[in-house]
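See below for the structure under consideration.
Note that the structure is predicted; figures quoted are calculated from it, not measured.
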Amino acid sequence: QVQLVESGGGLVQAGGSLRLSCAASRRTFSSYSMGWFRQTPGKEREFLAAFRWSDDTTYYADSVKGRFTISGDNAKNTVYLQMNSLKPEDTAVYSCAAGDGPGNNKNIYRYWGQGTQVTVSS
């Protein structure tokens, strides 16, 4: 079992930045990826970005490419999502997940955190 705990959410003005963290309870296999998703009421969960431990490969959804950056700290079993130039439409619950395989395959994710709220005011 892997437990994931997100932190770093909050309220920010449009154009601002936030950095989310996702800490895993233990080291995962190098083949694992950790991804970030977001969801708003009534909408499907949206894949944002992923990071694969084995080779630092990153994946991004087109909607956040150039604004969001994902990175990992192996020593801390933690993945970060740096979010810049935030827009009101980025308001959502952001969750991280972990699974075995390439991060852009949404079907690999087996472990999920509880989520952290991000609110962007206009």
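- Remark: Q114 CD is loosely packed, at most 12 non-hydrogen atoms of other residues, nucleotides or ligands lying under 6.0 Å away.
- Checked by atom type and distance alone, the side chain of T116 never pairs as donor or acceptor with a backbone atom of Y94 at under 3.5 Å.
- A salt bridge links K65 with D62: the closest approach of a Lys/Arg side-chain nitrogen to an acidic carboxylate oxygen falls below 4.0 angstrom.
- The two residues W36 and C22 make their nearest non-hydrogen contact at CZ2-CB, 3.5 Å.
- A pairwise comparison of heavy atoms in A49 and L81 identifies CB-CD1, 4.1 Å as the closest pair.
- Atom CG of D100 and atom CZ of R110 lie 9.5 Å apart (nearest 0.5 Å).
- Of all the heavy atoms in M34 and V79, the pair that sits closest is SD-CG2, 3.5 Å.
- Criterion: ILVMFWY side-chain heavy atoms under 4.5 Å apart, direct or through other members. Under it, L4 and Y59 are not part of a common hydrophobic cluster.
- How far CG of L86 is from CZ of R67: 6.5 Å, rounded to the nearest 0.5 Å.
- Remark: Q39 CD to E44 CD distance equals 8.5 Å, nearest 0.5 Å.
- Note on F47: it clusters hydrophobically with I108, by side-chain heavy-atom contacts below 4.5 Å among ILVMFWY residues.
- D90 has its side chain within reach of F68: a pair of non-hydrogen atoms, C-beta onward, lies under 4.5 Å apart.
- The CD atom of E46 lies 10.0 Å from the CZ atom of F37; values are rounded to the nearest 0.5 Å.
- In this structure, L18 is a member of the same hydrophobic cluster as F51, with clusters built from ILVMFWY side-chain heavy atoms closer than 4.5 Å.
- Heavy-atom minimum distance, L20 versus G9: CD2-N, 3.6 Å.
- Proximity of a side-chain donor or acceptor of R26 to a complementary backbone N or O of N77 within less than 3.5 Å is not detected.
- No side-chain N or O of T78 forms a donor-acceptor pair with one of D73 less than 3.5 Å apart.
- Distance CH2/W53 to OG/S31: 12.5 Å, rounded to 0.5 Å.
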Evaluate side-chain contact (heavy atoms from CB on, under 4.5 Å) for Y60 paired with T69, printing each intermediate quantity in order. CA-CA 8 Å; Y60 293 97; T69 303; 3.7 Å; yes

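- The two residues G115 and E6 make their nearest non-hydrogen contact at N-OE1, 2.9 Å.
- Across A14 and S122, no two heavy atoms sit closer than the pair CB-CA, 4.3 Å.
- Checked against R38 for a side-chain contact (heavy atoms from CB on, under 4.5 Å), the options V93, T91, L48 give a single hit: L48.
- One finds the OG atom of S95 at 12.5 Å from the OH atom of Y109 (value rounded to the nearest 0.5 Å).
- Between P102 and T57, every side-chain heavy-atom pair lies at or beyond the 4.5 Å cut-off.
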